[in-house]
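Data block below; observations after.
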Protein chains: 2
Amino acid sequence: MSVKHALLALLEQEPMYGYQLRAEFEQRTGTTWPLNVGQVYTTLSRLERDGLAQGGGEDTEGHVIYRITDAGRDEVATWFTTPVARTQPPRDELAIKLALAVTVPGVDVATVIQQQRSATMAALQDYTRLKRQATGTARAELAWSLVLDSLVFAAEAEVRWLDHCEARLRRAAAELDVQNSRLTDGTSSVKREFRRSTGETHADRTRR
Amino acid sequence: MSVKHALLALLEQEPMYGYQLRAEFEQRTGTTWPLNVGQVYTTLSRLERDGLAQGGGEDTEGHVIYRITDAGRDEVATWFTTPVARTQPPRDELAIKLALAVTVPGVDVATVIQQQRSATMAALQDYTRLKRQATGTARAELAWSLVLDSLVFAAEAEVRWLDHCEARLRRAAAELDVQNSRLTDGTSSVKREFRRSTGETHADRTRR
DNA sequence: AGCGACCACATACCGGGTATACATATCCCC
DNA sequence: GGGGATATGTATACCCGGTATGTGGTCGCT
């Protein structure tokens with residue numbers, strides 16, 4: 001949903017055509033998330049379908065110009081005033097991977113963690129190198145710089161989390177070994193135990 | 001791609017049927033990311049199409065059992081040994097939102113930041129409340145606990161980043177005001193300046 | 001004239017994700 | 001014991017995000 005609202009926000013500033021929207025989006029985010037032109041056009045047609053934008057008029061050079069509607073302006077306003085929901089965070093590939101690595105036997109979790117930390121720290125190096133280039137004071141430069149900072153903060157948190165995981169796994173190693181033998185001789189009993197222990201039903205889960 | 005590999009990893013442990021795969025996945029992640037059953041079946045059919053898993057046999061109760069293939073085992077192994085790429089990070093809605101809020105005139109950035117911080121800190125409260133419930137020592141409990149920690153670390157980093165943004169915006173306020181007048185009287189010149197300054201071409205961007 | 005780049009728009013296609021249909025089985029309760 | 005709510009289990013339709021590709025036009029270069 002972020003691309004849809006971002007395009008709307010750009011259209012609120014000024015009517016634009018598709019190609020221009022992509023350029024403006026990438027300028028502001030420093031091409032951190034390159035935006036495929038095709039997605040711009042499909043998104044625009046959906047915006048038009050939903051009555052949030054309206055395209056058709058041509059400018060002096062024959063471009064198909066899209067302009068925001070009143071409903072679209074409302075949508076942008078609520079987007080900016082409503083915080084992004086943290087109740088259903090997007091799937092985190094790394095967290096899923098580690099959760100599986102811990103629970104599936106025969107996976108060398110320590111190595112997984114170490115390799116990931118190396119990769120993330122390498123990414124951090126790239127970010128700090130890029131930061132040296134983003135020293136302008138223009139609004140777009142500032143925005144890009146903030147986006148970069150967000151990547152840095154996220155990567156640093158990831159490294160800290162990996163360290164934390166290592167520590168917890170080391171600490172729990174002894175207990176886990178005990179638990180281990182209980183797990184291996186009866187997988188189905190474990191499963192039943194899980195189902196019984198969570199009062200939650202299938203319908204509860206599908207309903208939300 | 002994370003769901004696909006997660007299901008494969010579960011199948012490596014033991015042949016399973018669709019419904020069971022969902023239960024196992026949610027047990028390990030503590031229903032942090034509820035998994036729609038439909039996605040399990042579509043993913044399984046894609047896995048079968050790609051030769052990574054193979055289903056058809058029925059168990060004693062008539063369930064459609066899927067089992068991993070050798071190619072699937074290879075896929076899981078490479079998944080666990082290859083770190084998740086940070087070169088093209090997934091789109092961060094909040095970062096995009098702030099980048100737009102900063103560059104589009106007429107948006108109260110300070111309020112956006114404050115409201116987001118409140119929401120994120122509320123989420124943090126929920127996480128710590130949940131953490132008190134996850135005190136078991138079983139493998140699945142440990143995995144869920146680690147997933148929760150990852151959410152906590154990410155949320156904390158987000159709050160820190162928001163503080164950081166506030167500070168930078170305050171510091172740059174004076175310069176921005178100067179820049180402001182230059183921006184408002186010639187948007188197209190800014191655009192041209194951007195295009196000229198980045199040596200990168202459209203083809204470069206689409207090619208990668 | 002021909003080649004290659006860039007600009008601009010449009011569409012096909014795929015995978016992730018949700019909602020829903022449909023069929024059994026179980027359980028509770030009047 | 002019949003019936004409604006609930007749970008299990010599989011399958012499919014649909015939408016959206018995202019990528020790749022097709023088509024046509026302009027400009028500059030050799």
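Values below: all heavy atoms of this structure, side chains included; hydrogens, waters and symmetry mates excluded. Numbered from 1 within each chain, the chains take letters A, B, ... in sequence-line order. Just so it is clear, the model here is predicted, and its values are computed rather than measured.
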Listed partners of B:Arg49 passing salt bridge (charged side-chain N to carboxylate O under 4.0 Å, His left out), at least two apart = none
Those residues that, when tested against A:Arg86, pass salt bridge (charged side-chain N to carboxylate O under 4.0 Å, His left out) (two or more places apart) = B:Glu158
Does the side chain of [X] reach to within under 4.5 Å of the side chain of [Y], using non-hydrogen atoms?
X       : Y       : value
B:Leu11 : B:Arg67 : no
A:Ile68 : A:Val76 : yes
A:Met16 : A:Glu24 : yes

Could you check how far [atom1] of [X] sits from [atom2] of [N], rounded to whole Å?
X       : N      : atom1 : atom2 : answer
A:Asp92 : C:dG16 : CG    : P     : 16 Å
B:Leu21 : D:dA11 : CG    : C1'   : 15 Å
A:Arg22 : C:dC7  : CZ    : C1'   : 10 Å
A:Leu44 : C:dT11 : CG    : P     : 13 Å
B:His5  : C:dG16 : NE2   : C1'   : 14 Å
B:Leu35 : D:dT8  : CG    : C1'   : 16 Å
B:Leu7  : C:dG15 : CG    : P     : 15 Å
A:Asn36 : C:dA10 : CG    : C1'   : 12 Å

In this structure, are over 12 heavy atoms from other groups packed under 6.0 Å from A:Arg91 atom CZ?
-> yes
So which protein N/O to nucleotides 13-17 of chain D N/O distances come out below 3.5 Å?
from, atom 1, to, atom 2, distance (Å)
D:dC16, OP1, A:Arg49, NH2, 2.9
D:dC16, OP2, A:Arg49, NH1, 3.2
D:dG17, OP2, A:Arg46, NE, 3.2
D:dG17, OP2, A:Arg46, NH2, 2.9

Among C:dA8, D:dT10, D:dT19, the one nearest A:His63 by side-chain distance = C:dA8
Taking all non-hydrogen atoms of both residues into account, name the closest pair between A:Gln39 and A:Leu35 and its distance.
-> OE1-CD1, 3.7 Å
Please produce a list of atom pairs where a protein N or O lies less than 3.5 Å from an N or O of nucleotides 22-27 of chain C.
none

Quick one: is C:dA8 close enough that its OP1 or OP2 comes under 4.0 Å of any side-chain N or O from A:Tyr17?
-> yes
OP1 or OP2 of D:dA11 sitting under 4.0 Å from any side-chain N/O of B:Tyr41?
-> no
What residue pairs, at least two apart or across chains, pass side chain to side chain donor-acceptor pair (under 3.5 Å) with a residue in residues 94-109 of chain A?
-> A:Thr103-B:Arg28, A:Asp108-A:Thr111
Which residues pass the ring pair (Phe, Tyr, Trp, His ring centres under 6.0 Å) test with B:Trp79, sequence neighbours left out?
-> B:His5
